[in-house]
Amino acid sequence: MPQTLSNLWIRRRRPHWDRLASLLGHADQGGLNHLSRAELQELALLYRQVASDLSVLRQDATARTYAAHVNQLLARAHHIIYSRRKASVGTLFRFLRDDYPVIFQRHIRYVVASLLVSVACGLLGVVLTSSRPEFMRHFVGPEMIATMERHQMWTHSIVGIAPLATSAIMTNNLSVSFMTFASGIIFGFGTLYYLYFNGLLLGVIGAACHQYGMSLALWSFVAAHGSLELPSIIIAGAAGLRLGHSMLFPGGYRWKDSLAKGGIEATRLVSGIIPLLVIAGCLEGFFSPSPAPVWLKFTVGGVLFGLLNLWLFRPIKRNVFPV
């Protein structure tokens with residue numbers, strides 16, 4: 001790097017280093033809680049940008065003094081960001097209790113978009129199956145159709161192997177949800193595909209069961225675990241859409257900074273569904289296929305869905321921001 005270009009670049013970047021030093025000074029005095037949400041976001045962004053600056057400075061032999069200064073700033077920032085909170089059960093509980101509803105509500109527009117796509121595709125599946133019954137054969141295998149013709153639920157076999165089935169169900173639900181989220185890296189189009197397929201499949205199965213007079217059997221089976229599992233897939237879709245949005249519309253950020261910011265926010269959003277899917281898997285393995293009364297299954301589903309909404313939509317302090 002020529003000397004003149006190096007000096008010009010340093011003059012442009014130095015205000016960012018000074019700002020990072022100022023934020024670190026505030027954090028040293030009162031901890032991360034002393035910083036506002038906007039300052040915490042700025043601190044995280046500056047940390048990534050200054051790390052890139054350091055790699056540039058190290059390529060210029062005339063900028064060793066600046067490189068040492070920036071390296072010290074990054075060391076302080078790394079200690080503050082990553083060392084102040086130790087992982088523990090209490091930390092996880094506080095994250096779910098206090099931080100996660102903030103994250104969810106902040107990304108509600110992505111949740112609504114994910115919900116609308118899923119509902120639209122579900123209705124499409126209902127319409128196509130109702131108008132052309134043979135359409136279901138593209139999604140429903142012959143064995144499942146055979147059980148519906150006998151007016152039996154294909155889930156009865158789960159009861160005898162509940163522990164093993166529960167493990168498989170949890171694994172499958174986690175896989176589906178995280179594929180829905182992770183495929184957002186394809187500029188959001190992968191997430192849209194998974195939302196389309198999951199919604200269409202649910203609509204097809206719902207319409208097929210209705211045609212065979214098994215709607216009550218289906219929805220009483222789905223009610224308990226579905227009250228947590230279906231919202232989890234919607235939230236996973238919202239996280240994938242957030243990731244895709246950061247790639248397509250970086251705004252005032254550099255593209256890689258936008259992707260980093262969107263990736264962090266999307267990961268936090270999807271992390272909250274893990275306990276929901278664990279509970280849903282237990283219910284689907286042990287309770288949903290059990291001979292429990294239909295009214296009890298719907299009651300359990302309604303109570304769980306109500307508690308879920310109380311958790312996610314309760315009034316929150318807007319200055320809370322997890323780092």
Of all residues at least two apart in sequence or in a different chain, which pass the salt bridge (charged side-chain N to carboxylate O under 4.0 Å, His left out) check with Arg48?
-> none
Residues that Lys297 engages under salt bridge (charged side-chain N to carboxylate O under 4.0 Å, His left out), provided they are two or more places apart |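 Not a single residue meets the salt bridge (charged side-chain N to carboxylate O under 4.0 Å, His left out) criterion with Lys297.
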Residues that Tyr100 engages under ring pair (Phe, Tyr, Trp, His ring centres under 6.0 Å), provided they are two or more places apart | Trp311
Nearest heavy atoms of [X] and [Y], plus distance in Å:
X: Ser288; Y: Ala224; result: OG-CB, 4.0 Å
X: Ser227; Y: Leu304; result: OG-CB, 3.5 Å
X: Ala280; Y: His225; result: O-CB, 3.4 Å
X: Ala113; Y: Leu241; result: CB-CD1, 4.0 Å
X: Ala21; Y: Leu73; result: CB-CD2, 3.7 Å

Mind checking what makes side-chain contact (heavy atoms from CB on, under 4.5 Å) contact with [X], not counting sequence neighbours?
X: Phe187; result: Phe189, Met247, Leu248
X: Ala120; result: none
X: Thr267; result: Phe181
X: Gln72; result: none

Just so I know, are the side chains of [X] and [Y] near enough to count as touching, which here means a heavy-atom distance under 4.5 Å?
X: Gln49; Y: Leu45; answer: yes
X: Leu20; Y: Val70; answer: no
X: Ile233; Y: Asn198; answer: yes

Phe313/Ile108 under side chain to side chain contact (heavy atoms under 4.5 Å, CB included): CA gap, chis, key distance, verdict = CA-CA 10 Å; Phe313 291 101; Ile108 192 65; 3.8 Å; yes
Going by the rule side chain to side chain donor-acceptor pair (under 3.5 Å), which residues pair with [X] if we only count those two or more places apart in sequence or in a different chain?
X: Arg14; value: none
X: Trp17; value: Asp53
X: Tyr194; value: none

Verify the distance criterion only: is there a donor paired with an acceptor across the side chains of Glu39 and His26 at less than 3.5 Å?
-> no
Under 4.5 Å between side-chain heavy atoms, hopping through other hydrophobics if needed: is there a path connecting Leu96 to Leu310?
->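 No: no chain of side-chain contacts under 4.5 Å links Leu96 to Leu310.
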Please collect all salt bridge (charged side-chain N to carboxylate O under 4.0 Å, His left out) contacts where either partner lies in residues 72-81, sequence neighbours excluded, each pair once.
->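 Of all non-adjacent pairs touching residues 72-81, those that pass salt bridge (charged side-chain N to carboxylate O under 4.0 Å, His left out) are Asp28-Arg76.
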For residues 132-140, dump all side-chain donor-acceptor pairs below 3.5 Å to protein atoms at least two apart in sequence or in another chain.
{"residue": "Arg132", "atom": "NE", "partner": "Glu134", "partner atom": "OE2", "Å": "3.4"}

